[in-house]
Protein chains: 2
Amino acid sequence: MITAGKGAMPLYIQIRELLIAKISKGDWLPGDSIPSEMNLSQELGVSQGTVRKAITELVEYNVLRRKQGRGTFVSNHDSQRALFHFFHIVDAKGHRVMPDSKVLRCHRRHASHGEALKLKLKDRADIIRIERVRNLSSSPTMIETITLPGHLFKDWDELDSGNLPNMLYELYEKQFGITIHSAEEQLRAVAATKHDASLLNLQAGTPLLEIERVALTLNKSPVELRISRCNTKKHHYENTIL
Amino acid sequence: MITAGKGAMPLYIQIRELLIAKISKGDWLPGDSIPSEMNLSQELGVSQGTVRKAITELVEYNVLRRKQGRGTFVSNHDSQRALFHFFHIVDAKGHRVMPDSKVLRCHRRHASHGEALKLKLKDRADIIRIERVRNLSSSPTMIETITLPGHLFKDWDELDSGNLPNMLYELYEKQFGITIHSAEEQLRAVAATKHDASLLNLQAGTPLLEIERVALTLNKSPVELRISRCNTKKHHYENTIL
DNA sequence: TAGTTACAGACTTATATAAGACTACTTGAC
DNA sequence: GTCAAGTAGTCTTATATAAGTCTGTAACTA
């Protein structure tokens, strides 16, 4: 409940947490508009400015999106957002390229110890494994190995695995109600294996950029482990430090 | 001048730009406190809340730093900030390690075409070139090649080049009045040259992570080009996407 | 009549101000 | 030295007004 007074959390923080809870719980779905600042303020017994401050912080975290004159909306994963926010590989000129994807395999397995650790699962838990090659500027450039906790993607097997969409986060959201909100990436340089080499048309031993990403929901629980191995001859990973 | 009324920019944006100008111009130096919100509001003829909103945005950009009960300060580069904000190499456990550095060479040259382009200089402009090896967890892990525009670092040669400080951004700020505020990085996987290999105790051809960074001031003008080649056997580059 | 434009009103977020609460440092009494 | 009050800073909340967006209806045109 919202409480005011000495020693209590500031109102706007209580309200921010309340809004997060509503979204995590699924009361408000991605793409939906939330009640107006005025409505919320009356409902919660605080002023519009206080609700506004709470909302502002969530807009900064990319949880909400405001449109003046229209309302405030829960962020969703259109492919634009996925491309601009989560995809950091660009071409030599620094332009973002929409990748396309060819799925090589898609099957269920047991998690290895390392996978279980990174996804916070029990050892040998049920997982889904996807392997695909991605073309950038129409040449094969990345090999992705994606690991998903089986229990979060129950009806996965009903999908046409040969024809998965290009941007998976949109799929997670629409089909499984799971919204990826943030991610932690580790980057390393590795040597291409023979397998890598044949898929990417290069020689074994060629240096590849390996990106290991754990994608998280709003409440920080891991949902996807993705290992990408990229040929950085004509593309590179771009990061801006602000 | 601050102007209100129809068609004018919002007050808080005008004030934000004014504050940025003051800082860029050097009226307020890194580490200094700026006038209080109340003083500024009186001086500028707006309310405290409006000044506050302008300041808030600059705090989010890491330009200013607030301390409740004390004041608002221009951000400066203590080595902590450099380490946490600009240094993304961590050990296998994800812990930040303070690197140490050994300078190999430090001399003046003419800029190559590529360097001039990235630093927005004229071809063959005067530059300073620093090469150093950095140890992480007491083993040689990175080779850095740093390029600085000569005209911005006039008295550089008076420094003891064999004994440069570990965190250069602090030096730029204190000795030359240049504050690094943001940076753009490009990451690639490359093969170690013989030279790399001998410095890092590994075999030629070993994959290295190459980080090419252009560091910028508050008004986006490039100040440093830094190419780091890292052995990612025991360390990796960490990036969080929010 | 059917279709289109103009405009008013309702509802939304955005901006600006003011007042009091909280926090850290300083000063002075003891 | 220690403690308490004072001072000067930021932080929180509330209120009022501006500006943007959509919808329905009245007026106008073909």
Side-chain angles (χ1 to χ4, degrees), chain A residues 1-20 22-23 28 31-76, chain B residues 1-20 22-23 28-76:
Chain A
M1 203 44 224
I2 305 293
T3 59
K6 264 179 108 105
M9 290 285 268
L11 285 177
Y12 78 94
I13 289 181
Q14 297 180 51
I15 289 167
R16 184 189 68 196
E17 297 306 313
L18 188 150
L19 297 180
I20 289 178
K22 284 255 191 198
I23 295 166
W28 299 328
D32 285 359
S33 71
I34 70 172
S36 75
E37 295 178 353
M38 263 314 194
N39 282 351
L40 283 170
S41 71
Q42 284 169 12
E43 210 171 289
L44 301 171
V46 300
S47 76
Q48 181 249 11
T50 302
V51 170
R52 184 172 178 73
K53 181 150 187 180
I55 289 176
T56 298
E57 301 209 342
L58 297 180
V59 169
E60 278 159 12
Y61 288 144
N62 293 309
V63 175
L64 296 175
R65 184 166 305 200
R66 280 205 261 240
K67 293 183 185 168
Q68 185 175 0
R70 297 198 49 206
T72 302
F73 302 81
V74 181
S75 296
N76 63 348
Chain B
M1 203 43 223
I2 305 293
T3 59
K6 266 177 105 105
M9 290 286 268
L11 288 177
Y12 77 93
I13 289 182
Q14 298 180 50
I15 290 167
R16 184 188 68 197
E17 297 307 313
L18 189 149
L19 297 180
I20 288 178
K22 284 254 190 198
I23 296 166
W28 299 329
L29 294 174
D32 284 359
S33 71
I34 69 172
S36 74
E37 295 178 354
M38 263 316 200
N39 283 350
L40 283 170
S41 71
Q42 284 169 10
E43 211 170 288
L44 301 171
V46 300
S47 75
Q48 177 257 356
T50 302
V51 171
R52 184 172 177 74
K53 180 152 187 178
I55 290 177
T56 299
E57 301 207 343
L58 296 180
V59 169
E60 279 158 12
Y61 289 143
N62 294 310
V63 175
L64 296 174
R65 183 166 304 201
R66 281 206 260 241
K67 293 185 184 167
Q68 185 173 357
R70 296 198 53 202
T72 301
F73 301 81
V74 181
S75 296
N76 63 348

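Model, not experiment: these values are computed from the prediction. A note on names: the letters A, B, ... follow the listed sequences, proteins ahead of strands, and every chain is numbered from 1.
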Pairwise side-chain contact, B/Thr56 with B/Tyr12, heavy-atom cut-off 4.5 Å (strictly under):
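In short, these two side chains do not touch, never coming nearer than 4.5 Å.
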Can you find a heavy atom in the side chain of B/Val74 that is under 4.5 Å from one in the side chain of B/Leu29?
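Sidechains of B/Leu29 and B/Val74: no contact.
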For the side chain of [X], starting at C-beta, report the closest nucleotide among [options].
X	options	result
B/Gln68	D/dT13, C/dT13, C/dC22	C/dC22
A/Arg66	C/dT13, D/dT10, C/dT15	C/dT13
A/Glu37	C/dT15, D/dT13, C/dT13	C/dT13

Distance below 4.0 Å between [X] side-chain N/O and [N] OP1 or OP2:
X	N	answer
B/Arg70	D/dA8	no
A/Ser36	C/dC11	no
B/Thr72	D/dT10	yes

For atom [atom1] of [X] and atom [atom2] of [N], their distance in whole Å:
X	N	atom1	atom2	answer
A/Met9	D/dC11	CE	C1'	14 Å
B/Phe73	D/dA8	CZ	C1'	12 Å
A/Leu40	C/dC11	CG	P	16 Å
A/Met38	C/dA10	CE	C1'	13 Å
A/Arg65	C/dT12	CZ	C1'	18 Å
B/Tyr12	D/dT17	OH	C1'	16 Å
B/Gln42	D/dG9	CD	C1'	13 Å
B/Lys67	D/dT10	NZ	P	13 Å

Using a 4.0 Å heavy-atom cut-off, does B/Ser33 contact any base of the nucleic acid, only the sugar-phosphate backbone, or nothing at all?
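B/Ser33: no heavy atom of the nucleic acid under 4.0 Å.
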If I compare all heavy atoms of B/Arg16 with all of B/Glu57, which pair ends up nearest, and what's the gap?
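That closest heavy-atom pairing would be NH1-OE1, 2.5 Å.
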Between A/Gly31 and A/Phe73, what is the shortest heavy-atom contact and its length?
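That closest heavy-atom pairing would be O-CD2, 3.7 Å.
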Sidechain-backbone polar pair: A/Ser75 side chain, A/Asn62 backbone, donor-acceptor under 3.5 Å
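Side chain of A/Ser75 to backbone of A/Asn62: a pair is present.
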Residues touching DNA chain C, which here means a heavy atom under 4.0 Å, drawn from residues 47-55 of chain A:
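Here the set is A/Gln48, A/Arg52.
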Any donor-acceptor pair under 3.5 Å linking the side-chain atoms of B/Arg52 with those of B/Ser47?
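Checked: B/Ser47/B/Arg52 side chains show no N/O donor-acceptor pair below 3.5 Å.
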How many angstroms lie between atom CD1 of B/Ile23 and atom CG of B/Leu58, to the nearest 0.5 angstrom?
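The CG atom of B/Leu58 is 6.0 Å from CD1 of B/Ile23, to the nearest 0.5 Å.
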